[in-house]
Amino acid sequence: MPSNIYNVEVEPLVSENASPELSVERVAVANLPTEWGDFRIAGYRSKTSNEEFVVIFKGDLRPDVPTLARIHSQCLTGDVFASTKCDCGVQLHRTMQLIETEGRGAIVYQQQEGRGIGIINKIRAYELQDKGADTVEANERLGLAVDAREYRQCAEVLFDLGLRKVRVISNNPGKLRALEEAGLEIVERVAIEMAPSEPAARYLQTKREKLGHLLDLENLTK
């Protein structure tokens with residue numbers, strides 16, 4: 001049964017490792033019952049750009065307790081439309097299940113669609129993928145960055161929630177480096193891998209070979 005965490009208050013508790021003044025601000029916090037359990041949801045705004053962030057979390061978030069955390073980059077096609085071209089939606093929902101089981105954790109939902117290129121350019125890249133390009137080649141042919149995401153403000157959201165030691169749910173070494181550079185202490189990387197669908201297999205292979213993602217595809221496809 002999902003646990004009731006609606007009585008948990010969240011107070012800003014900036015880690016000593018963070019910048020003296022955060023460049024994000026919390027705007028609102030509300031309850032979020034979901035298929036996988038009861039969470040809290042908070043909205044943040046950047047003080048330096050027009051970017052907005054959403055974080056869902058639950059449990060007693062403390063700086064001295066290693067806590068499950070994920071930076072999940074927005075994927076409209078995978079998260080909302082359940083596309084099988086990628087594993088994004090499956091990763092998001094699996095992370096929610098892990099946090100529900102643990103009773104403590106946070107997911108920062110970063111609104112940087114398509115590794116930062118936006119949904120329209122992502123669809124343009126999909127069109128090139130339909131013609132044989134892989135996910136990296138498609139961006140390059142469009143003259144776009146392969147990965148334009150920036151994670152410092154995502155780390156600041158976690159700082160604001162009170163976290164310092166994190167068990168990061170990610171296969172992306174770039175995210176791990178960025179969160180460490182922002183001042184978070186990563187005590188564990190929690191792999192998140194599921195057997196890929198046939199359309200996603202090449203996508204994940206490219207992420208491993210060209211982007212360095214930590215994926216054990218041989219064992220997943222056995």
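Here the structure is a predicted model, which means the values were calculated and not measured.
- When side chains are defined from C-beta on, Glu140 counts as touching Val136, because their heavy atoms get closer than 4.5 Å.
- Thr77 and Lys122 form a side-chain donor-acceptor contact under 3.5 Å, judged by distance and modelled atom types alone.
- Electrostatic pairing of Asp64 and Arg164 does not count as a salt bridge here, judged by no charged N lying under 4.0 Å from a carboxylate O.
- Using a 4.5 Å cut-off on side-chain heavy atoms (C-beta onward), Phe57 and Ile99 make no contact.
- When side chains are defined from C-beta on, Arg26 counts as touching Asp160, because their heavy atoms get closer than 4.5 Å.
- Within the 4.5 Å cutoff, no side-chain heavy atoms of Tyr109 are placed close to those of Ile41.
- The pair Glu100-Lys58 meets the salt-bridge criterion, with a side-chain N (NZ, NE, NH1 or NH2) lying under 4.0 Å from an Asp/Glu carboxylate O.
- The shortest distance between side-chain heavy atoms of Phe81 and Leu76 falls below 4.5 Å.
- At least one side-chain heavy atom of Arg94 sits under 4.5 Å from a side-chain heavy atom of Gln97.
- Here the closest non-hydrogen pair linking Leu22 and Lys47 is O-NZ, 3.3 Å.
- Side-chain contact check for Gln112 and Glu51: at least one donor-acceptor pair (N or O, by modelled atom type) lies under 3.5 Å.
- Inspection of the Arg124 and Tyr126 side chains reveals no N or O donor paired with an N or O acceptor under 3.5 Å.
- Using a 4.5 Å heavy-atom threshold, the side chains of Gln111 and Phe53 count as separate.
- Classification of Glu181 and Arg152 as a salt-bridged pair fails, no side-chain N sitting under 4.0 Å from a carboxylate O.
- For the pair Glu52 and Arg45, the salt-bridge criterion is not met [side-chain N within less than 4.0 Å of a carboxylate O].
- Contact check for Arg70 versus Val108: no side-chain heavy atoms found under the 4.5 Å cut-off.
- Partner Asp79 forms a side-chain hydrogen bond (donor to acceptor under 3.5 Å, both in side chains) with one of Gln74, His72, Gln91 and no other, that one being His72.
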